[in-house]
Number of protein chains: 2
Amino acid sequence: MVINKGVNSAVRMAKKERQRQLVKALEEDPFLTDEEMAKRCRVSIQTIRLDRMELGIPELRERIKHMAENNFDGVRSLSLEEVIGEVVDIQLDQSGISMLEIKKEHVFARNQIARGHYLFAQANSLAVAIVDAEVALTGSAGIRFVRPVRLGEKCLAFAKVITNGPSRLQINVQTKVNGEVVFQGVFDVYRTDEEGQ
Amino acid sequence: MVINKGVNSAVRMAKKERQRQLVKALEEDPFLTDEEMAKRCRVSIQTIRLDRMELGIPELRERIKHMAENNFDGVRSLSLEEVIGEVVDIQLDQSGISMLEIKKEHVFARNQIARGHYLFAQANSLAVAIVDAEVALTGSAGIRFVRPVRLGEKCLAFAKVITNGPSRLQINVQTKVNGEVVFQGVFDVYRTDEEGQ
DNA sequence: CCATATATTAATACCAAGTCCTAAATCAGT
DNA sequence: ACTGATTTAGGACTTGGTATTAATATATGG
């Protein structure tokens, strides 16, 4: 019996093992068709299909679709990144206010704290936006993350021009959550009609 | 004839307009089937197919597949999604290199110059990534955009730990394009097991 | 007004990569 | 030899198409 069980389990393992390989192979390359997998495992297509059923693995097209959908959501937030925060008010060459609500895509999954560069991006793009010029680019900046910002918090960035030269402005940006300063930065922004950064 | 041309162009516009809408609709939602689009445009499926042919738009499955493939390349870096750019090399608590290719979504449409916060994001996330801790957050930073970076350029960010304390590190990041420095920054990063920014 | 493009619709056969279902074959263990 | 699990096979149907051919507007040029 023990011996038989050995043989038995050898066969069972063949199945289990195949399914294990299936899962692994699809993790590595989700674009594999049942036909491909059947060839690889030297079994019939139907066997692979049964395996997928048992393992609850959707068909190729569904797998691909899911990946694409995830990606699409990502793309959405990428294009949203173009406009970091919503501009609430702007006085060209003087001041501006923008609002950014911290969402899932802005935070570290582990601790729900906003990634610094989103706060920077909000401040930076606001600073650039209030400059009255064809082209405005940040030259340098000094920034401080005063306290961590958490998921769901609404960041109000207040930008104020400190010094206003013909080709160079210094802009102070203070970001607050419920009146509490969470970020502070000074941006040196250059304006030109051609380039600079 | 002018009158006829008017009618003519009205019809032609119907087609052009429909194709314009098609492109737009698919940009907004690439998961639309021909059938759906046919209903929306109140034409036959065949017309939509012809339109796709003319416009060189691949079928639904191909579109989805492409998205999924792009995503898949990015899936590897999904765990690295924490980091903007692709990490090339990391020595924890010592140094790191990441690469970011400037694409359309990173530049100002007007002048094809990369928005500063992407360069910042690359540098910032690399700085945070090389810190060997449960949680690492940027406290402050001083940065300089040395020269503008253009569409298509590949930015290599080199991060190096300058001072390495138990709870605080100073990290210098220099970003280069073809050996030329384009960005330079010093990041104060805090490591904790709970929070801080 | 008729011929001639251009645009649209229809109809058919075919494909990939499946699902769902039924039935048969195989095989291992007792 | 029988039982139960496993594997194959087969056919019908599905989606979302391609490719091709043909018929039908529709519009404009002359």
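Reckoned from all heavy atoms, side chains included, excluding hydrogens, waters and symmetry mates. Lettering of chains follows the sequences in order, A, B, ..., and the numbering in each one begins at 1.
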State which of [options] makes the closest approach to the side chain of [X].
{"X": "Gln46(A)", "options": "dT8(D), dT19(C), dA17(C)", "value": "dT8(D)"}
{"X": "Thr47(B)", "options": "dA9(D), dT9(C), dT19(C)", "value": "dT9(C)"}
{"X": "Lys15(A)", "options": "dT7(D), dG17(D), dT19(C)", "value": "dT7(D)"}
{"X": "Met53(B)", "options": "dA17(C), dG16(D), dT18(D)", "value": "dT18(D)"}
{"X": "Val43(A)", "options": "dA10(C), dT8(D), dG18(C)", "value": "dT8(D)"}
{"X": "Arg61(A)", "options": "dA16(C), dG17(D), dA9(D)", "value": "dA16(C)"}

Exercise. Let me know, please, whether Asp51(B) or Thr33(A) comes out on the 5' side of the other along DNA chain C by nearest nucleotide.
Key: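 On the 5' side of the pair lies Asp51(B).
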Separation of [X] atom [atom1] from [N] atom [atom2], in whole Å?
{"X": "Glu36(A)", "N": "dG18(C)", "atom1": "CD", "atom2": "P", "result": "11 Å"}
{"X": "Leu60(A)", "N": "dA16(C)", "atom1": "CG", "atom2": "C1'", "result": "10 Å"}
{"X": "Leu32(A)", "N": "dA16(C)", "atom1": "CG", "atom2": "P", "result": "17 Å"}
{"X": "Ile64(B)", "N": "dA17(C)", "atom1": "CD1", "atom2": "P", "result": "15 Å"}
{"X": "Glu62(B)", "N": "dG16(D)", "atom1": "CD", "atom2": "C1'", "result": "11 Å"}
{"X": "Asp34(B)", "N": "dT9(C)", "atom1": "CG", "atom2": "C1'", "result": "15 Å"}
{"X": "Leu50(A)", "N": "dG18(C)", "atom1": "CG", "atom2": "P", "result": "14 Å"}
{"X": "Glu59(A)", "N": "dT15(D)", "atom1": "CD", "atom2": "P", "result": "12 Å"}

Quiz prompt | Within-4.5 Å side-chain heavy-atom neighbours: Phe31(B) and Glu36(B) | solution =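 No, their side chains stay 4.5 Å or more apart.
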Quiz item: Would you say the side chains of Gln184(A) and Thr175(A) form a donor-acceptor pair under 3.5 Å?
Solution: no
Quiz prompt | Geometric class of the Phe120(B)/Phe145(A) ring pair [parallel <30°, tilted 30-60°, perpendicular >60°] | solution =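 Taking Phe120(B) first and then Phe145(A), their aromatic rings sit tilted (interplane angle of 30° to 60°).
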Quiz item: Is Glu153(B) paired with Arg147(B) through a side-chain N to carboxylate O contact shorter than 4.0 Å?
Solution: yes
Quiz item: Does the pair Glu59(B)/Arg63(B) count as a salt bridge with the N-to-O cut at 4.0 Å?
Solution: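 Judged by the 4.0 Å cut-off on N to carboxylate O distance, Glu59(B) and Arg63(B) do not form a salt bridge.
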Quiz item: Counting any heavy atom closer than 4.0 Å, what does Arg63(A) reach on the DNA or RNA strands: base, sugar-phosphate only, or nothing?
Solution: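 No contact.
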Quiz item: Under 4.0 Å between a side-chain N/O of Arg18(A) and OP1 or OP2 of dT7(D), yes or no?
Solution: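 So the side chain of Arg18(A) is within the cut-off, an N or O lying under 4.0 Å from OP1 or OP2 of dT7(D).
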Quiz item: Can you tell me if the side-chain N/O atoms of Arg52(A) get under 4.0 Å from OP1 or OP2 in dT19(C)?
Solution: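 It does, given that an N or O in the side chain of Arg52(A) lies less than 4.0 Å from OP1 or OP2 of dT19(C).
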